[in-house]
Every structure is written in C-alpha cells, then in structure tokens.
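Chain identifiers are assigned alphabetically (A, B, ...) following the order of the sequence lines, protein sequences preceding nucleic acid strands; residue numbering begins at 1 within each chain.
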Amino acid sequence: MSVRVRFAPSNTGYLHLGGARTALFNYLFARHHDGDFLLRVEDTDQERSQEKYTDAILDAHEWLGMEPDEDVVFQSDRMDLYREKAEDLIESGDAYRDYSTEEEIEEARKEAFASGDKTAHTRLWRDRDDEPEDRDSVVRIKAPLEGSLTVEDHVQGEVTVDAEELDDFVILRSDGTPTYNFCVVVDDADMDITHVIRGKDHLNNTFRQLYVYDALGYEPPEFGHLPLISGLSKRKGSRSVQEYREDGYIREGLVNYLARLGWAHGDQELFSRDELVELFGLDGVNASSGEFDEDKLQWFNAEWLKKLEADELAERWATYLHKRDFEVELDERLVDITEVMRARGQTLGEMTEESDYFFKDEIERNEDDVEEWLTPDILEMFEELIEVLADLDDWDRGDIDTTIRDLCDRHGEGLGAIAQPVRVATTGGTSSPGLFETLAMLGRPRALNRLNEGLEIIRSRTE
RNA sequence: GGCCCGUUGGUCUAGGGGUUAGGACACCGGCCUCUCACGCCGGCGACACGGGUUCGAAUCCCGUACGGGCUGCCA
C-alpha cells in the first residue's frame, strides 16, 4: 500500500512555524516515499473556525511549495459521516448515550480523583439502559477496562498506557457534533491515511484513538509524534508564515530551517528541496523538543539568498519591493543590484533597507556622516571628481574605477581620501557596496546629481 | 494531583559502551579591504544530578530534579 499522509490544521488561527514544520515533515515523508500528501481542515469548532484562516493556511502551503495532492477535505462537510459512524457504534454496543448533567459529572470527577479511579466519572451511564426524555445526552465510547495499550511510535519509541488511564470520552456532543478524537479516526481511516505524523501534544490522544479504531473495525495507521517547538508561543514565534514572508524570508531558507529543527542528517546543514525529499525519514527526527532561534533562521535564509540564481532572486525581490511600494523595474540594473546586495542582508527586507538609495529619487543624509566626511579639505578633489565623471563616455564600473583612481593618484592620495565623502554624498551614509559599482548602479544622472548636492554641502561649510 | 514524553555548549544538533565529545548558529579575536557586509582563519563553550551494571558509561538500568504534553461536550 502506498504512503498517504495528511496535515490536519484547525482553521482557528494562522499557520505558524510549528504547524508549518508539521506540514513540511508530512510533505517530505510523502514525497520521499512517492506517496500522497493531503490537507484536511479541522473546522468542527463552530465558535472559532474562520474562513480567512483557511485561506491563509492554503496560501502558506502554496508559498512554501507544499500543495496537497488531492482536494482539501473539510470536516464540516462530513458531519453526516461522523454521526453515522457514531450510530453504528451505539448499535454495536461500543458506544452509549450518557444523560448525566454537568453537575453530576463534576461531582463524580471529584470522587473519582479522590478514590484513585481517574476515569470513573466518564462511565456514569456505561451500564445503564434507561433513556430519560427530559435530558440531553452525549455519546461516549466504551474504553477498555483492563489491560494496556501500546503504540509503536516512529519517533518516540514504544509507549504504553494502562487501561485505568483510559476514559469513556465523548464522541458526539449534545448538539450532535462530533469531537476531535472521534473525527480524526473516522477521517484518517476514510482517507486511507497510512502514517499519522503530528505534534507530540497528541501522543496521549493516540491511545484514545486506538480504541476508536478498534471499535470501528479499522486497522490503525503508523504513528510518528514530532517534538514540539518551544519559544514559539511568545511574541515572535506565534507569528504566521505570512509575516515571515513579509519580513523578506524566502521559502528555501524557511523550509531549510524548519527541516533542521528536530531533524538531522549527520552534520549537514544546507539542504535543497530535492535533498530533503531524498534524505528525509522519521528515523532522523529527534524525540526531544527544540527552541525557535531567529538568528539561525536568518542564517539559513542568507545562505539561500546567496545560492539562488541572480535572475530568480531579482524577480522575487522585485515582487517584494513592489509590495513595499518601491517603484522598480525588473531589469538588468536590478539584477546587478541584487547580485551585490544578496550578501549584504539576510532577508529581502534587510536587502531593501540597505539599498533604498538605489530606488529613491531623494535621499536623506546622515547628519553625523555629513559632518565627518563632507569637509572643506576635500573641496578641490570633489570638484575635480565631478568634472571627470561628467566627462566619461560610458558610465560603467570599469571606467569609473580608473577615473577615480587616476584622480587620487594625481592628488597623491589613496582611494580612502575620497571614498567615504562620495558615499555620504551619493548614498547618504558610510556603508554601501564597492564605490565604483555603487556609482555605476546608481546611474549617471542620479550619481552626478547627488555628488553636486554633496559639493554644495562642502562649499557651504567653507564659508 | 495522576499519567505520558523528553534532558549533549546560550541555541540547533552528530555521536548510542573505550572519541582530544564532531559540526552549525550566536558571541569574541584576526585576516581581507575604499566603508559596511561577504569570505577565510582562530577562540570561548556541553554530555542535568545521584546511584547502579561494567575492566570501562555521554552512551545501558533505576531514582531525583527540571522542562513539556495530556487529564474538556477545544483541536
């Protein structure tokens, strides 16, 4: 039987990094085994489910390149199926109606905890067959009373729980809607899921689900419970995939980071999508939880900025710049700028912030830098510089290079004498790519214009 | 409270009876240099603790501590 896995988020929030990693591991597992990756939206919580979250989850999958192989399944479309299955269980005696009131259960819970029987309060109606007409009822499943259940987890190893820990949990609420632990089983079985790969927070639920499989007569799938990511719930980590995209992370960086958080293949850090598909396996997944570290995410992203084809990266950066309201053309100049800026920022966002002077008509110059570098003593060199640059036949890097170096030679100075003043004049600050390429990429009109502005500043300080 | 799971530098991790405990991020120092980056070189820094088992334990077993999860008519 070929591998079929699914990622099953609830649409009660955006897709955050933890969910994205679970989805990724499922996706990689499917691709590695040449199987299917499915997406199921768990939208049975009518209070909190929202369509905008569904859209965002789908959008995130598309952006990350993890599109499902079949139509997305919505649990809300399948209510009849769950009810039908629940009826079957009542019929077969594996489930029963419970007419207890909340108060009765609460009281029994206290007694149960006190007496050491931890689940007795869930079995109040297990052996009764009266059917009071004036009370609502839920449907509970009959949990095994003795023995134990064991799951052979592909990540966590063998885990066993005694029957006394197992409760007769609710499978149908009093309003007739099914609960999570029931839907999951019905859906996974109905969708022919072979491997359930999900967060470790569901490890204990697995035992409950095991007896649902049994009652329904289904063969349980294989399980792999991924360690949780800590440090995510704070301000930073609960951010959505989209927010990282807006910061300028690229999918290769995010995917690589996520893959390495909880999974390893020896000492290797950088993995392409194809390598991940080829090498990924549950045996490489760590059992212990990890912590989100934005510094490392940035490093991965920076590595991938440097690895992508310049044309490809320029195209993505152009899209990003447009979203940030920069008017840029996707032309050779942008490719050139991309080529030099890709090593100067760890995200598209940083690349943008470090290079905005290439895209703006007007720049603001840092006052301290002006004070320090646009000084009267370089007036003469500066004037001459503008003259010789203006006389250039071709505005290209090589010619700008020789022209400026000649000028420095003639004045018996090193490049250092003029580099920073020119930078401040043309970019507004003291850090930029190489001087000559910066001038070249700025374009003659902008460069000369800003140099003249710089000259004015110097002149105003000579008086 | 009960049950389940986890614990290698600040962080991600390799290693699973005998290793100078390896790599990566971050950090620090140096080199490169027209600035800032990139790159390169070097450095700091870890087997949670206590008992066993063994000639020998980071590695196997037990306990403790700490962290996390579950214990809902949330998912």
Write down the partner of rG1(B) under the Watson-Crick or G-U wobble criteria, each distance required to be under 3.5 Å. rU71(B)
Determine which nucleotide pairs with rC32(B), using a 3.5 Å limit on both distances of a Watson-Crick or G-U wobble pair. none
If you count every heavy atom of other residues, nucleotides or ligands that lies below 6.0 Å from Glu107(A) atom CD, does the total exceed 12? no
Watson-Crick or G-U wobble partner for rU59(B), using a 3.5 Å limit on both distances? none
rC25(B), rC73(B), rC34(B): which one has an atom nearest the side-chain heavy atoms of Trp299(A)? rC25(B)
So does Ser174(A) reach the base of rC73(B) with its side chain, donor to acceptor, closer than 3.5 Å? yes
For rA65(B), which nucleotide in any strand shown is its Watson-Crick or wobble partner with both distances under 3.5 Å? rU7(B)
For His154(A) and His195(A), take the angle between the two ring planes, folded into 0 to 90°, and tell me which bin it lands in: parallel under 30, tilted 30 to 60, perpendicular over 60. tilted
Could you tell me which nucleotide pairs with rA46(B) by Watson-Crick or G-U wobble geometry, both distances under 3.5 Å, or answer none if nothing does? none
Below 4.0 angstrom, N of the basic side chain to O of the carboxylate: do Asp168(A) and Arg126(A) qualify? yes
Look at Arg405(A) together with Asp401(A) and state whether they make a salt bridge at an N to O cut-off of under 4.0 Å. yes
Whether each nucleotide of nucleotides 4-10 of chain B has a protein heavy atom under 4.0 Å at its base (B), only at its sugar-phosphate (S) or at neither (-) is summarised, 5' to 3', as SSSS---
For rU59(B) and rU53(B), measure between their P atoms and round to the nearest Å. 15 Å
In whole angstroms, the gap separating P of rG69(B) from CZ of Phe223(A) amounts to 21 Å
What is the distance, rounded to the nearest whole Å, between atom CG of Asn11(A) and atom P of rC74(B)? 16 Å
Whole-Å P distance, rA37(B) and rC5(B): 49 Å
More than 12 heavy atoms of other groups within 6.0 Å of Glu384(A) CD: yes
Rounding to the closest angstrom, what is the interatomic distance between rC3(B) and rA46(B) at atom P? 36 Å
Donor-acceptor pair under 3.5 Å, Glu165(A) side chain vs rG2(B) base: no
Report yes or no: is there a donor-acceptor pair, N or O only, under 3.5 Å between the side chain of Arg423(A) and the base of rC34(B)? yes
rG2(B), OP1 or OP2 - any side-chain N/O from Arg109(A) closer than 4.0 Å? no
By the 4.0 Å heavy-atom rule, please label Ala343(A) as base, sugar-phosphate, or nothing. sugar-phosphate
Using atom C1' of each nucleotide, how far apart are rC74(B) and rC61(B) to the nearest Å? 39 Å
If you measure from the C1' atom in rA24(B) to the same atom in rC31(B), how many Å do you get, rounded? 22 Å
Hey, is Lys296(A) close enough to Glu291(A) for a salt bridge, meaning N to O under 4.0 Å? no
Does His121(A) put a side-chain nitrogen or oxygen below 4.0 Å from OP1 or OP2 of rG72(B)? yes
Charged N to carboxylate O below 4.0 Å: is that the case for Arg140(A) and Asp167(A)? no
Can you tell me how far C1' in rC60(B) sits from the matching atom in rG16(B), rounded to whole Å? 10 Å
Using the C1' atom in both, what is the distance from rG29(B) to rG68(B), to the nearest Å? 39 Å
Select one nucleotide: of rA75(B), rA14(B), rG39(B), the one nearest the side-chain heavy atoms of Glu303(A). rG39(B)
Once hydrogens and angles are ignored, does a donor-acceptor distance under 3.5 Å link the base of rA24(B) to the side chain of Lys296(A)? yes
With rounding to whole Å, what would you report as the distance between rC25(B) and rC66(B) at their C1' atoms? 25 Å
Salt bridge (charged side-chain N to carboxylate O under 4.0 Å, His left out) involving Lys118(A) - partner list, sequence neighbours excluded: Glu164(A), Glu165(A)
